[in-house]
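Chain naming here is simple, since letters A, B, ... match the order of the sequence lines and numbering starts at 1 in each.
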Number of protein chains: 2
Amino acid sequence: MNDSSAYEDPYLIISSDCHAGLPTEQYRPYLDSRFHPQFDEFLGQRDARRAEATKLGVRNEAFAEKWFHDHEEGLRGGWDTGQRLKELDGDGVAAEVVFPDADAVDSQTAAPFGVGLGLSGDQDPELGMAGAQAHNRWLAEFVSETPERHCGVALLPITGEPAKVVAEVYRAKESGLGALMIPAMWVDKAPYHDRRYDPVWAAAAETRMPIVTHSGSSPRHEYGDHLGIFVSEVTWWPSRPLWFLLWSGVFERHPGLKFGVAESGCWWLPNQLWFMDRLYLGAHGGKKLSPFEELKRPPSEYLDRQVFICATNTKRRELAQRYEIGVDNILWGSDFPHPEGTWPSTRTWLKNTFHDIPVGETRRMLGLAAADVFGFDTRKLAPLARRIGPTPAELGQPADQAAVEASWARSRETGRHWLTGEDFPALGVTR
Amino acid sequence: MNDSSAYEDPYLIISSDCHAGLPTEQYRPYLDSRFHPQFDEFLGQRDARRAEATKLGVRNEAFAEKWFHDHEEGLRGGWDTGQRLKELDGDGVAAEVVFPDADAVDSQTAAPFGVGLGLSGDQDPELGMAGAQAHNRWLAEFVSETPERHCGVALLPITGEPAKVVAEVYRAKESGLGALMIPAMWVDKAPYHDRRYDPVWAAAAETRMPIVTHSGSSPRHEYGDHLGIFVSEVTWWPSRPLWFLLWSGVFERHPGLKFGVAESGCWWLPNQLWFMDRLYLGAHGGKKLSPFEELKRPPSEYLDRQVFICATNTKRRELAQRYEIGVDNILWGSDFPHPEGTWPSTRTWLKNTFHDIPVGETRRMLGLAAADVFGFDTRKLAPLARRIGPTPAELGQPADQAAVEASWARSRETGRHWLTGEDFPALGVTR
């Protein structure tokens, strides 16, 4: 178990949130030919989509130009494996979980019919599945060149016909993909507590494919051109399915299912967990609320057993909350090749962020927890990690780890204070 | 300024979240007679509404029976002023902010056409305004008997025709009401960033009527019979308008407007504030995001100037976060006469919750902050408060306040860590 590995050992880093996608027009050979006419239409609307993104302020002309100029070569890693591995090595990243949409600035690599990060429950079922399969077929090829370094995330338009959705789960697994992304929003379709989805949860559990939502879709029609509104709640929509699955007993009925939320931070989780645990624990003998028959244990136990957070570039504030979230539930990610991520300065970024975090916990959050969730083979990755991974010393983490552990002792012992008999959380180091 | 008042002085307690409403059928004389036919229909659907609440698990038959049996006399205080003042005195509450729906268990006091806490943006505009005016007329009478002790909250179906909405703001103010409750959800109507609402914000600012959302409405059709889902997000919907107003510049255009969120806790605010401040402060020279022209200062400055939280029965976890939220932004409330509130055991509840909180801060959160926001006359209330208010000693707060202040020093000095140069929040007392 690497937790007990020596202080000197380089980190085995796995990014739980990276992105890859073909320049959109190149998806054509991967798309069933009967959808080529609709595909041409889709390509024709590209400028309109970009204009809309610019209007909302998600896209900034001046920034876009500089971004593509400064990173032209590296950005080819969005679809070119050779270039990609070079960039990952440079960042010290041994392996990655691969979500769609390499180009978050100009959407030049949008999957057919916009089923990438914008995958939405109200998508036309037929076009949605066609676009998803096109991306999934390409992605399976893409990750097959160095399978030990990539976990490909299949796009799953889950609100379609259950039999077809289940079939795609098995097809994706068979093709070498390792996880499933479902829309954060079901929009006008059945919410995720609906029993119609049980066969899909069962298939995901059986194939050991974690189900993930990723930030991207949101009710933009409500925001006008106010970017701040969008950013203020864009992380709420992908986390929302968590309590729909939890309270409807999906984790109880499908103990093998793993569910995660990607690129939505983890800052919101402690409050939500405290709130849900109190609700559940208070309801037994509670005043006004009925008991929750679908659950056999408190929400936090399901969380530790089946839920994970692809927290991407974890903020210092979030790391201070890790004993409430659960260290093993936090999966770091570089978000390569997106501009809001840490590439190409991941090594510096890691030093600024993790310098006072205990090494054992850092190993979990930077890679080992992701290896457990997504099934990476750490033995196969070990030699590469030893070659490219930064050491604790390079992250500025002191050799005297006992002192570091001690500075977090009170926060660690308090943990989830509502379960440890404390009234308050205890956040931050004690000096 | 009472902050500097002696340790011995009893507290001036103002509940920022109480509820009053007539037994529904008694609203008839306050309702325009041309709506009486629809009112009879509404009364006829009462059993159906109760059945639905029971199905979702919000209503528990056994609990309901016990509740009404144990508190029959006190619950009459929901609409009987004499009884109400007796109950407030017993709890040590000198004054209160009065929201609708006294009966949260069986909805026996629902305002006509369900425009109470369930007030929703998609309400029929004509019926909605008629029902709101019926409640507002009765409420104005109700508070007029002892005006210094009540701030009546007028129901404002804001998604209707702006001219009529503005007229109701002035009519309500004229009638003696002191605040305005708008729907938490606009549903299919214009979101609150829409300029169509500017005349309403202007009228609220001019009349010094704070605008408030209160938990109650939510997309229940999405929840099935899963109570946990409802409770997990019911506090999100009333807080949502905050970032719609903030990012669309409403607080900048209407510096006299005060906006509050009621009975939704305040645990969610520190994260939201940290998130929004970072977004705003990072955007100037930020990578991918456009600047936010509608704002002239960081979100936290608008918050401290114009936003308040009717936090009701504040949890210990929330009090630990008060230096991030802002002590002056937290308004305690008893939620009388709702079962999830502190009545009739408010004195005991206050002792359990505030025993280690500094007296000066407790005075603000238990009353003085609410007096500032809702315009209560503390001089008029002082004699009553001296008679019924609990003392710091009765709340278990030690006479050695210097030691209490010191135990919170680090948390207080860290405050909003993203503005004080600290990486982490510092929550909890130092021992």
Review point. Looking at residues at least two apart in the chain, or sitting in another chain, which of them share a side-chain contact (heavy atoms from CB on, under 4.5 Å) with D277(A)?
Key: L281(A), P298(A), P299(A), S300(A), W418(A), L419(A)
Practice item. Name the region of K315(A), side chain, backbone, both or neither, that has any atom closer than 4.5 Å to a heavy atom of chain B. Key: side chain
Review point. Is it the side chain or the backbone of N352(A) that comes within 4.5 Å of chain B heavy atoms, both, or neither?
Key: neither
**Study point:** When R316(B), H417(B), R317(B) are compared by non-hydrogen pairs under 4.5 Å with chain A, the top option
**Key:** R317(B)
Revision key, fill the gap. Whatever's closer than 4.5 Å to a heavy atom in chain A on Y223(B) counts as both
Practice item. Could you tell me how the ring of W236(B) sits relative to the ring of W237(A): parallel (under 30°), tilted (30 to 60°) or perpendicular (over 60°)? Key: perpendicular
Review point. With ring centroids as reference points, do W408(A) and F424(B) lie under 6.0 angstrom apart?
Key: yes
Point to revise | Side-chain ion pair, R297(A) and E252(A), N-O less than 4.0 Å | key: yes
Check your understanding: For F244(A), is it the side chain, the backbone, both, or neither that has a heavy atom closer than 4.5 Å to a heavy atom of chain B?
Key -> both
Exercise for review: Look at E222(B) together with R240(A) and state whether they make a salt bridge at an N to O cut-off of under 4.0 Å.
Suggested key: yes
Exercise for review: Give a yes or no on whether the backbone of H19(A) and the side-chain of D101(A) come within a donor-acceptor separation of less than 3.5 Å.
Suggested key: no
Revision key, fill the gap. If one checks every heavy atom of S411(A) against chain B at 4.5 Å, the contacting part turns out to be neither
Practice item. Give a yes/no verdict on a cation-pi contact between R220(B) and F230(B), requiring under 6.0 Å between NZ or CZ and the six-membered ring centre and an angle within 45° of the axis. Key: yes
**Study point:** Check: H338(A) ring centroid to W343(A) ring centroid under 6.0 Å
**Key:** no
Point to revise | Residues in residues 264-274 of chain B near chain A [non-hydrogen atoms, under 4.5 Å] | key: W267(B), W268(B), P270(B), N271(B), Q272(B), W274(B)
Review point. How long is the gap from NE2 on H226(B) to NE2 on H193(A), to the nearest 0.5 Å?
Key: 5.0 Å
Review point. With respect to chain B, which residue among L319(A), T235(A), L246(A), D423(A) yields the maximal number of heavy-atom pairs within a distance under 4.5 Å?
Key: D423(A)
